[in-house]
Structure formats: C-alpha cells, structure tokens
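Quick notes on the structure that follows.
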Amino acid sequence: MSIIPSNVVCPRCFSKNLYRFGKDLEGFQKYQCRMCRRQFAPDNPHTGLRQHRLYPVCPRCGKASFLHHDYTYYSNFRCSDKKCNHSFKVPKAVAIPRPSSHLGPETFTLKGMRHPLYIILAALNYYFCGNSTTRKVAYTLYMVHQVRISHVTISRWIKRFAPVFQQISSDFLLSARLCDSDEWHFDETYIKIQGENYYLWIAIDSETRLVLDFHLSKTRNSNAAHILLSSCRNKFGQPSSAVVSDRYDAYLLPAKLFFPEADHIRVESFEDRISNNIIEAFNNQFKAWYRPKRGFNSYDSANRLIATYIFYYNFIRPHSSLNGLAPAQVAGAKYSDKQKNFWLLVA
Ligand SMILES: [Zn+2]
Ligand SMILES: [Zn+2]
C-alpha cells in the first residue's frame, strides 16, 4: 500500500481519493485523482501546479479555508477565520452518472411472444391505465378476450416493453422545446422495494404537465438531486423562469449549479397551493397505480415499471386538466396514425 501525503489534494476537485501515478519527466511524483481523473505533480515547481493553498480562499474575507464536509459532487469549505466562519460549497468537476430512467441500449424483439400483439397491448393498457395488478389483468384478459395467460407472463411482457417506450419517449422529448416553459417542479416521494424504502425523484414541466425525467435511488440525499437536475439540464436546457422544489436542502446546490438563469423557489410541502398542485396531481395518480401493487420485488423491475408508467402518463392517459389531452400532445407531439394504432390499439 502506498501512502499519499495528507497535504496532497486534487487541484481540480479537491478529492483526496488519489493514487500514485509514476514520475513526471523531471522525476517528480505524479498522482491521479480517482474522482475526476486529473493527473498532477504537486511538487514540480515548473508545472505551475504547486499549491500554496490546498483549498480555495474564502470568497467573503479572502482567508484560507478548510474542508468541512466532502460530498460526492461538491465540497463544503469553511473559512478558517473564526470570526468570519463563512461556509461555501464548490462543485467538483466530476462526471455525474445518468438517472435510472436511462435504461441503456437494448434490443427488443417480439420473438418468443406467443400471443397476438393486440392482447399484449391490451394487458399493458389495463395495467398502466386501469391501475390494475398483473393478477387482475390476467382475469380481465380471460373475461374480455377468453385467453388464459398467467400473471407471471403478463409481468414479463410489461418489463420487456419498457425499452421500446423509452425509445419513443426520448426521441420525442429531445425534439420538444421545453425551455419556453416557465417552471419545472422537482419532488421526491418514497416507494417500497422488497419492503425497503426507495426514493422516486421526478421533474415535471408546469405548463404541459410532462414528466421530464425521473430517478430511483436508495438514499434521499443531494447525490440523487444532482443526478436528476443535471440530466434535465443536459436534455432540456433551463426553464425560462423558475425551478420549484420543496425546502429540502439537497436541491440547493444543483438548482444553482445547473439552472443559474432560473430562480429557485422553495415551498413548504403540501401547503403552498400555487406550486404543489402539479406535483400533487402526479403523486395522486401515481399512488393510485402503485398502491394495489404493495411494493415492487426488485430495483430493476420497479425502475422499468415506473419508466413505462411515466410513458403512459406522458403520452397516452388523457388529463382532465389538459382538456383531455396527454401532456406530450400539449407539448406539441405529433403521433403518426401508425404509432397511435400501436399504442392505443385497445385504449
Ligand atoms: Zn479530482
Ligand atoms: Zn472568511
């Protein structure tokens, strides 16, 4: 085990998570940062990287600071002057992973599906629009279509279609112009997976009610907020007026970092009528769908089901507050007849 001297930190992201990386041309010890991959030789006077101070100076009084708390995506420094005692956060130049809504490239084939497509789509519609369980869907298919299909097969179909819907939805969402819209709302709510709490983070556009993105995480902390907000920024830019969240601290830094041109409005959960209508409308519908299932049996299955649920929410289910249109239609989506037939065969 090589020991890294305690006064060596990454000049870019202030991480101490380093390893030795050989010597540079002049024979000085080099290090590489495990967080941001930056290579540097702190003792080489010629590379200009000799750090007089390990950490940035206090923006209020100009004195030295120390690392108060280290987080995955930012560092929290505190002024070493006791009277000033200013605390400030500096984002790290590290890559933020994609949210769980990104399912990755997958090939989809109808091969091995022994039932006609209209039966499969009927099952999906009962499940996602009718707030049904797979057992109830199996029963409905038997009553309405006289086909006997086990609830296990139905649950397999539902998960298998997730990447198809994701493709349709990301193709459309990338072409949508959502920066014209005023406000984006962020919220987190918990769900159960194998009896344990997980957090579903969502972003909703106030004008169209479109769910912009989601992320499913084990922990409720600022990492998850960073992941969701950075993904929205990358995909859609910034809202023209504001980002709205509850008073939870996790949103503070990512809101400032990714949406510098928008105001950050923090509201008391469930008390502010103005903003939480939008989130509440989603949460109520989501819970009506989620509750009969009494939790999910794996992270992957929860993630896929939620991805497809959100597709139905955005593209298929008519919203009474939108005059019977789906959010994607309000956002200007033009579905071709062929697509419509495919999605809405039995709706
Ligand atoms: Zn680094
Ligand atoms: Zn200070």
Side-chain angles (χ1 to χ4, degrees), residues 100-101 103 106 108-166 168-169 189-200 202 209 211 214 216 279-322 324-328 339-347:
S100 70
S101 61
L103 297 175
E106 255 177 281
F108 173 78
T109 162
L110 285 167
K111 225 172 124 190
M113 292 201 174
R114 292 176 294 115
H115 296 276
L117 189 60
Y118 81 91
I119 290 288
I120 298 171
L121 291 172
L124 263 66
N125 274 296
Y126 296 141
Y127 186 80
F128 288 107
C129 290
N131 296 337
S132 214
T133 61
T134 49
R135 280 171 208 274
K136 280 195 209 149
V137 172
Y139 181 71
T140 311
L141 286 181
Y142 180 64
M143 296 304 284
V144 180
H145 304 277
Q146 284 79 49
V147 286
R148 276 193 191 280
I149 296 156
S150 78
H151 69 274
V152 179
T153 306
I154 289 166
S155 125
R156 226 175 29 235
W157 289 347
I158 291 165
K159 285 170 210 162
R160 218 165 140 179
F161 269 88
V164 181
F165 293 132
Q166 201 214 13
I168 297 169
S169 135
T189 180
Y190 79 89
I191 60 162
K192 294 264 185 204
I193 301 174
Q194 287 184 317
E196 284 190 56
N197 281 357
Y198 279 72
Y199 295 88
L200 174 62
I202 49 159
R209 306 291 170 110
V211 178
F214 76 91
L216 187 57
I279 291 290
E280 254 177 277
F282 174 84
N283 280 348
N284 289 343
Q285 290 202 34
F286 178 78
K287 277 173 190 156
W289 171 75
Y290 164 75
R291 205 169 282 131
K293 293 163 188 52
R294 296 200 199 92
F296 299 100
N297 50 30
S298 76
Y299 177 88
D300 184 59
S301 127
N303 195 43
R304 278 163 179 263
L305 291 176
I306 290 167
T308 309
Y309 175 80
I310 287 173
F311 175 82
Y312 269 75
Y313 185 92
N314 278 346
F315 286 82
I316 294 182
R317 190 193 276 255
H319 292 240
S320 52
S321 60
L322 300 172
L325 294 173
Q339 285 168 318
K340 220 183 244 168
N341 287 341
F342 176 73
W343 302 339
L344 301 171
L345 211 49
V346 289

Residue pair [X] / [Y]: nearest heavy atoms and the distance that separates them:
X: Cys129; Y: Ile316; result: SG-CG2, 4.3 Å
X: Ala288; Y: Pro292; result: O-CD, 3.2 Å
X: Leu103; Y: Gln166; result: N-NE2, 3.2 Å
X: Leu141; Y: Ala123; result: CD1-CB, 4.0 Å

For the backbone of [Y] and the side chain of [X], can you confirm whether one donor and one acceptor N or O come within less than 3.5 Å of each other?
X: Lys293; Y: Ser132; value: yes
X: Trp289; Y: Tyr127; value: yes
X: Asn314; Y: Ala328; value: no
X: Arg317; Y: Phe128; value: yes

### Working for side chain to side chain contact (heavy atoms under 4.5 Å, CB included), residues Ile158 and Val137
CA-CA 11 Å; Ile158 291 165; Val137 172; 6.0 Å; no

Supply the atom-to-atom distance [X] [atom1] to [Y] [atom2], rounded to the nearest 0.5 angstrom.
X: Thr134; Y: Arg156; atom1: OG1; atom2: CZ; result: 12.0 Å
X: Leu124; Y: Phe311; atom1: CG; atom2: CZ; result: 10.0 Å
X: Ile306; Y: Leu216; atom1: CD1; atom2: CG; result: 5.0 Å
X: Arg209; Y: Leu325; atom1: CZ; atom2: CG; result: 13.0 Å
X: Lys136; Y: His151; atom1: NZ; atom2: NE2; result: 14.0 Å
X: Ile310; Y: Ser169; atom1: CD1; atom2: OG; result: 9.0 Å

### Task
Run the numbers on Asn125 and Tyr312 for side chain to side chain contact (heavy atoms under 4.5 Å, CB included), then give the verdict.
CA-CA 9 Å; Asn125 274 296; Tyr312 269 75; 3.2 Å; yes

Quick one: are [X] and [Y] in side-chain contact, heavy atoms under 4.5 Å?
X: Trp157; Y: Ile119; answer: yes
X: Phe296; Y: Arg304; answer: no
X: Phe161; Y: Thr308; answer: no

#### Entry: Any donor-acceptor N or O pair under 3.5 Å, side chains Thr189, Asn283
no

### Message
Does the plane of the ring in Tyr290 sit parallel, tilted or perpendicular to the ring in Phe286? Use 30° and 60° as the thresholds.
### Response
parallel

#### Entry: Output field: ring centroids Tyr313/His319 closer than 6.0 Å
yes

### Task
With side chain to side chain contact (heavy atoms under 4.5 Å, CB included) as the test, would you mind laying out the steps for Lys287 and Asn284 before giving the verdict?
CA-CA 5 Å; Lys287 277 173 190 156; Asn284 289 343; 5.6 Å; no

### Task
Under the side chain to side chain contact (heavy atoms under 4.5 Å, CB included) rule, what do Tyr198 and Asn303 come out as? Steps first, then yes or no, please.
CA-CA 11 Å; Tyr198 279 72; Asn303 195 43; over 6 Å; no

